[in-house]
Amino acid sequence: MKIDRLIGILSVLLQEEKITAPELAERFEVSRRTINRDVEDLCKAGIPICTSQGAGGGIRIMDGYKMDRTILSTKDMQMIMAGLRSLDSVSGSHYYGQLMEKIKAGSSDFVSGKESILIDLSSWNKNVLSPKIELIQDAIELGKTLKFKYYAPGGNTEREMEPYYLIFKWSSWYVYGYCLLRDDYRMFKLNRMAELVHAGNFEKRSGVPMPDLSNEKAFPLQAKVKAVFHPSMKWHLIEEFGIESFKELPDGMLLFEHDYADEEGLLSWMLSCRDRVTVYEPESVRGKLFRIASELAEKYRKEGKK
């Protein structure tokens, strides 16, 4: 929509000292002529925009201009408040709550008391998670390395890292940075970190790569699982993989075929379904499920005799 593009152009101009029309055209995927018309419309709306030609020229906003809050709609303000509330849910301080109060005080016409989006980014162990988030935020801002013990399926290690990004992804919190043990960039899950403290100072590296948060990179596919579920497990399949993840067979059973990336996660998930699923492929998963079930049966059989 044009209004969204105009707001986007204004936002860019407020953040950058100067930018060219071709650069704006590329960023917003429109023609240079469209950008020129948009700049004219912004000028007509009272935004003091200056343009200069030739080498070193470009488009800029006159010095001293500040954006009037009325450029934000009620919906815009509600989305901003929803985002701040979500951060406040995991904050160990009162910063985001105080920031919300400041926005409300200056935008009473735009922020109503009615809230339609509620986001809570905390977990069951919020009392442990919030201090970690606050400590990591301080480390990123102050340029402090982090020392911690890390508990992972491959074993327990002691790590030190230069933190660069705090990330919420896949329903969990992570910190991304340069691991001094592995001499490479790594991402660590906060719930697996213990004894987290600030260590030494570090100079931020140039050209720090953005973390690749694609599912394909984080969870490369290994193989395809083929299983049949009892009809009572339909909700379970829909919740985890969606309505298109299975095919209903003539007898009412549910045929499930899906690629998986984590065999350990797959085994845990299948075991949680108890006897209401039968795995047919791959054979390696069938064998491991049988072995786990047999070992559990033997364990409780022996304990029952005590």
Side-chain angles (χ1 to χ4, degrees), residues 90 120-132 148-159 168-175 179 181-182 186-196 215-306:
V90 291
D120 192 330
L121 300 179
S122 62
S123 63
W124 290 107
N125 57 343
K126 178 181 177 180
N127 292 337
V128 175
L129 184 63
S130 294
K132 288 181 182 178
F148 55 93
K149 289 184 178 179
Y150 196 65
Y151 299 87
N156 309 327
T157 55
E158 292 191 3
R159 303 290 184 111
F168 184 79
K169 181 74 174 178
W170 306 296
S171 301
S172 295
W173 283 94
Y174 300 83
V175 59
C179 177
L181 177 65
R182 303 304 184 200
R186 291 287 191 273
M187 189 159 65
F188 298 96
K189 196 171 187 177
L190 266 61
N191 284 343
R192 295 178 180 173
M193 301 167 74
E195 300 180 26
L196 180 65
N215 291 337
E216 293 76 16
K217 174 67 175 181
F219 306 106
L221 298 177
Q222 294 185 13
K224 183 184 288 290
V225 62
K226 180 179 180 181
V228 172
F229 285 79
H230 188 270
S232 63
M233 299 300 290
K234 183 179 290 186
W235 67 272
H236 199 46
L237 291 171
I238 293 173
E239 182 178 65
E240 292 289 332
F241 298 98
I243 192 71
E244 303 294 333
S245 64
F246 59 88
K247 178 182 178 182
E248 193 161 348
L249 301 176
D251 60 357
M253 300 295 281
L254 309 174
L255 176 63
F256 174 78
E257 295 181 280
H258 203 278
D259 294 321
Y260 67 90
D262 176 19
E263 187 175 81
E264 288 299 317
L266 175 68
L267 291 169
S268 297
W269 187 66
M270 288 297 182
L271 288 168
S272 72
C273 299
R274 297 174 296 179
D275 62 341
R276 298 186 179 185
V277 59
T278 302
V279 175
Y280 290 100
E281 297 175 6
E283 187 60 39
S284 60
V285 172
R286 281 177 56 89
K288 288 179 180 179
L289 286 171
F290 178 79
R291 187 178 71 250
I292 293 170
S294 299
E295 290 173 352
L296 284 171
E298 181 64 15
K299 173 184 173 66
Y300 286 103
R301 185 186 66 80
K302 288 180 177 179
E303 290 188 353
K305 291 182 177 180
K306 292 180 181 180

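Separation of atoms CH2 (W173) and NZ (K189) is listed at 14.0 Å; rounding is to 0.5 Å. Going from atom CD1 of I292 over to atom CG of L267 covers 5.0 Å, rounded to the nearest 0.5 Å.
With contacts defined as side-chain heavy-atom distances shorter than 4.5 Å, the pair K226/L255 qualifies. Under the 4.5 Å side-chain criterion, counting only non-hydrogen atoms from C-beta, L266 is not in contact with Q222. Annotation: side chain of R186 is not in contact with side chain of L181 (no heavy-atom distance under 4.5 Å). For the pair Y174/M193, no side-chain contact is recorded, criterion being any heavy-atom separation below 4.5 Å from C-beta on. Counting only heavy atoms from C-beta outward, the side chains of V277 and M233 never approach each other to under 4.5 Å.
Pairs engaging residues 266-279 under the side-chain hydrogen bond (donor to acceptor under 3.5 Å, both in side chains) rule: S232-R276, H236-W269 [sequence neighbours left out]. Contacts classified as side-chain hydrogen bond (donor to acceptor under 3.5 Å, both in side chains) and involving residues 279-299 (residues at least two apart or in different chains) are given here: E263-K288, E298-R301, K299-E303. Every pair passing side-chain hydrogen bond (donor to acceptor under 3.5 Å, both in side chains) that includes a residue from residues 243-258 is listed here, sequence neighbours excluded: K234-E248.
Among residues two or more places apart in sequence or in another chain, the ring-ring contact (aromatic ring centres under 6.0 Å, His included) test is passed with F188 by F148, Y150. Under the salt bridge (Lys or Arg N to Asp or Glu O under 4.0 Å) criterion, R159 pairs with no residue at all, not counting sequence neighbours. Applying the side chain to side chain donor-acceptor pair (under 3.5 Å) test to D262 and every residue at least two apart in sequence or in another chain returns nothing. Contacts of K224 classified as salt bridge (Lys or Arg N to Asp or Glu O under 4.0 Å), with partners at least two apart in sequence or in another chain: D259. A search for side chain to side chain contact (heavy atoms under 4.5 Å, CB included) contacts involving A223 returns Y260, not counting sequence neighbours. In this structure E195 satisfies the salt bridge (Lys or Arg N to Asp or Glu O under 4.0 Å) test together with K149, sequence neighbours excluded.
By the 6.0 Å contact criterion, CZ on F241 is enclosed, its count of non-hydrogen atoms from other residues, nucleotides or ligands being greater than 12.
A261 approaches P220 most closely through the heavy-atom pair CB-O, 3.3 Å. Here the closest non-hydrogen pair linking L190 and V175 is CD1-N, 3.6 Å.
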